[in-house]
Amino acid sequence: MRTVVTGGGGFLGSHLCEALLRRGDEVWCLDDFSTGDPRNVEHLRRTPGFRLLRADVSRTCDLPVRVDAVAHLASPASPPDYHGMPLRTLHAGSLGTENALRLALRDGARFVLASTSEVYGDPAVHPQREDYWGNVNPVGPRSVYDEAKRYAEALSAAYRRTHGADVGIVRIFNTYGPRMRPADGRVVSTFVCRALAGEPLTLYGDGSQTRSFCYVDDLVRGLVAMLDSGSPGPVNLGNPAEYTVADLARLVLALSRSPSPVVHGPLPVDDPCRRRPVITRAHDELGWAPRVTLEEGLRRTLAWFAPAPRAQAAAAVPRAPVET
Ligand SMILES: NC(=O)c1ccc[n+]([C@@H]2O[C@H](COP(=O)([O-])OP(=O)(O)OC[C@H]3O[C@@H](n4cnc5c(N)ncnc54)[C@H](O)[C@@H]3O)[C@@H](O)[C@H]2O)c1
């Protein structure tokens with residue numbers, strides 16, 4: 001198998017590249033490192049079968065070799081990233097997805113789109129099944145990400161209907177683990193880094209909003225199962241155990257034995273109140289279910305961040321990237 005991973009230099013993509021190499025795939029990692037980090041794949045550079053190409057998939061995704069599968073993960077994904085790069089985010093979802101689809105169609109390859117639970121917006125239905133169409137503000141600040149992914153789903157489905165492309169869509173719910181960037185503005189990495197540094201943990205509003213947190217190894221197993229299946233999806237991939245953000249803060253503080261105080265800040269615009277996937281379809285079509293508990297996953301994540309907590313926590317105050 002020759003598998004292309006767009007966004008393979010990012011958090012999820014680098015773990016996916018590793019998993020695919022472990023089972024013997026040849027992996028072509030395409031990344032422009034706009035939000036990823038070359039260090040995520042540095043250890044793979046000498047692995048036989050691994051190729052790294054620096055490329056903006058919104059411009060081109062053409063490869064000089066025949067490919068068997070394309071996993072399309074390239075997109076800014078965390079709120080500070082997509083707020084800071086609104087147009088690039090829209091382009092990754094639209095132009096980038098179409099370029100990746102064309103590559104897959106050219107070679108009759110399997111194509112998997114990494115979509116997101118954000119397509120459900122601030123959901124009026126709870127928990128979220130794949131047949132729920134969502135509640136998204138099309139002009140709010142988050143829309144550059146949510147609507148880009150909704151468009152990417154529509155485009156992928158149209159390629160399947162129009163050209164018979166072998167397309168599968170996964171909707172990923174909050175995933176965490178080693179290689180998250182400390183400053184990526186996502187709740188788990190922020191809480192972990194600040195707890196390790198003894199800095200305050202900020203709850204937006206009263207912290208009663210819920211999220212479902214999936215450990216990265218579980219998520220990657222689901223992505224590989226989707227690549228290997230013929231399922232068109234969409235399929236939710238996430239851990240249905242639901243926690244309030246306040247619960248998460250308490251657990252991080254307990255596991256890290258941190259003296260950090262908890263403080264409160266204003267709720268961001270369009271922040272979803274509740275999130276929990278129904279994963280019956282993933283179970284039935286992919287034989288998939290998460291295995292790692294939040295407590296165990298947080299232990300592993302804390303262990304990964306622990307060696308340089310202060311430097312990382314100092315960086316954990318998100319800085320908005322600049323659109324280019
Ligand atoms: N991590 C999560 O919880 C989560 C949840 C839902 C969906 N997703 C989706 O999974 C994918 C990976 O997310 P992640 O958490 O690993 O984020 P990430 O920012 O770590 O990884 C994204 C990667 O894509 C690259 N990239 C961005 N635009 C590109 C472009 N135009 N051309 C080439 N490369 C480009 C970045 O440099 C980065 O390496 C994204 O599509 C994201 O929307 C992630």
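Residue numbers run from 1 in the order of the sequence given. Quick caveat: nothing in here was measured; it's all calculated off a predicted structure. Values below: all heavy atoms of this structure, side chains included; hydrogens, waters and symmetry mates excluded.
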Task: ILVMFWY cluster, Leu237 and Leu12 together (side-chain gap under 4.5 Å) - done: yes
- [ ] Mark yes when over 12 heavy atoms from residues, nucleotides or ligands other than His43 sit less than 6.0 Å from its NE2; otherwise mark no.
- [x] yes
Open item on the list: Looking at Tyr159, is its backbone amide N or carbonyl O close enough to the side chain of Thr162 to form a donor-acceptor pair, meaning the two atoms are under 3.5 Å apart?
Closed with: no
Task: Spatial distance of atom CG (Leu16) from atom CG (Leu21) [nearest 0.5 Å] - done: 9.5 Å
Task: Main-chain N/O of Asp32 paired with Asp56 side-chain donor or acceptor, under 3.5 Å - done: no
Open item on the list: Just verifying a value: how many Å separate Arg281 CZ and Leu286 CG, rounded to the nearest 0.5 Å?
Closed with: 10.5 Å
Task: Flag, side chain of Asp184 to backbone of Arg186, donor-acceptor distance under 3.5 Å - done: yes
Task: Presence of salt bridge, Arg300 and Asp217, under 4.0 angstrom - done: yes
TODO: Decide whether Tyr215 and Phe173 are clustered together by the hydrophobic rule: side chain heavy atoms of Ile, Leu, Val, Met, Phe, Trp, Tyr closer than 4.5 Å, transitively.
DONE: no
Open item on the list: Using a 3.5 Å distance criterion without hydrogens, assess whether the side chain of Ser75 forms a donor-acceptor pair with backbone atoms of Ala77.
Closed with: no
- [ ] Indicate whether the side chain of Ser229 and that of Arg110 have a donor and an acceptor atom separated by less than 3.5 Å.
- [x] yes
TODO: Look up atom OG in Ser117 and atom CD1 in Ile172, then write down how far apart they are to the nearest 0.5 Å.
DONE: 9.0 Å
Open item on the list: Let me confirm one number: the CZ-OG1 distance from Arg142 to Thr89, rounded to the nearest 0.5 Å.
Closed with: 12.5 Å
TODO: Give the cluster check for Val216 versus Val5: same hydrophobic cluster or not, with ILVMFWY residues linked at side-chain heavy-atom distances below 4.5 Å.
DONE: yes
Open item on the list: Heavy-atom count check: over 12 atoms from other residues, nucleotides or ligands less than 6.0 Å from Phe33 CZ?
Closed with: yes
Task: Residue pair Leu44 / Cys17: nearest heavy atoms and the distance that separates them - done: CD1-CB, 4.0 Å
Open item on the list: Whether the side chain of Ser143 engages the backbone of Gly140 through a donor-acceptor N/O pair (distance < 3.5 Å, no angle test) should be reported.
Closed with: yes
Open item on the list: Test your reading of the model: is there a side-chain donor-acceptor pair from Ser260 to the backbone of Glu199, 3.5 Å cut-off?
Closed with: yes
- [ ] Using a strict 4.0 Å threshold on nitrogen-to-oxygen distance, state whether Asp107 and Arg2 make a salt bridge.
- [x] no
Open item on the list: Once rounded to the nearest 0.5 Å, what's the spacing between atom CG of Leu20 and atom CD of Glu26?
Closed with: 12.0 Å
Task: Test side-chain hydrogen bond (donor to acceptor under 3.5 Å, both in side chains) applied to Asp62 and Thr60, step by step - done: CA-CA 6 Å; Asp62 207 17; Thr60 179; 5.4 Å; no
Open item on the list: Under a 3.5 Å distance rule, please check whether Gln209 uses its side chain to pair with a backbone N or O of Tyr204 as donor and acceptor.
Closed with: yes
- [ ] Rounded to the nearest 0.5 Å, what's the gap from CG on Leu113 to OG1 on Thr6? Could you check?
- [x] 9.0 Å
- [ ] For the residue pair Phe213 and Tyr243, categorise the inter-ring angle as parallel (less than 30°), tilted (30 to 60°) or perpendicular (more than 60°).
- [x] tilted
Task: Neighbour count >12 (heavy atoms, 6.0 Å) for atom CZ, Arg160 - done: yes
- [ ] Check whether any side-chain N or O of Asp218 sits under 3.5 Å from a backbone N or O of Arg291 as a donor-acceptor pair, and report yes or no.
- [x] yes
Open item on the list: Other residues, nucleotides and ligands only: do more than 12 of their heavy atoms fall within 6.0 Å of CZ on Arg23?
Closed with: yes
- [ ] With sequence neighbours excluded, tell me which residues meet side-chain contact (heavy atoms from CB on, under 4.5 Å) with Ala100.
- [x] Cys61, Val70, His72, Phe111
Open item on the list: Do the side chains of Glu153 and Arg150 get close enough for a salt bridge, i.e. N-O under 4.0 angstrom?
Closed with: no
Open item on the list: Which residue in the set Arg274, Arg275, Arg211 passes salt bridge (charged side-chain N to carboxylate O under 4.0 Å, His left out) when paired with Glu242?
Closed with: Arg274
Open item on the list: Under a 3.5 Å distance rule, please check whether Asp166 uses its side chain to pair with a backbone N or O of Ala109 as donor and acceptor.
Closed with: no
TODO: Could you tell me whether the side chain of Arg171 and the main chain of Glu130 form a donor-acceptor pair under 3.5 Å?
DONE: yes
Task: Smallest separation among heavy atoms of Leu73 and Ala114, with atom names - done: CG-CB, 3.8 Å
Open item on the list: Are more than 12 heavy atoms, taken from residues, nucleotides or ligands other than Arg129, located less than 6.0 Å from that residue's CZ atom?
Closed with: no
Open item on the list: Is there a path of hydrophobic side-chain contacts, each under 4.5 Å between heavy atoms of I/L/V/M/F/W/Y residues, joining Trp304 to Val188?
Closed with: yes
- [ ] Could you check if a side-chain atom of Leu298 sits within less than 4.5 angstrom of a side-chain atom of Leu248, using non-hydrogen atoms only?
- [x] yes
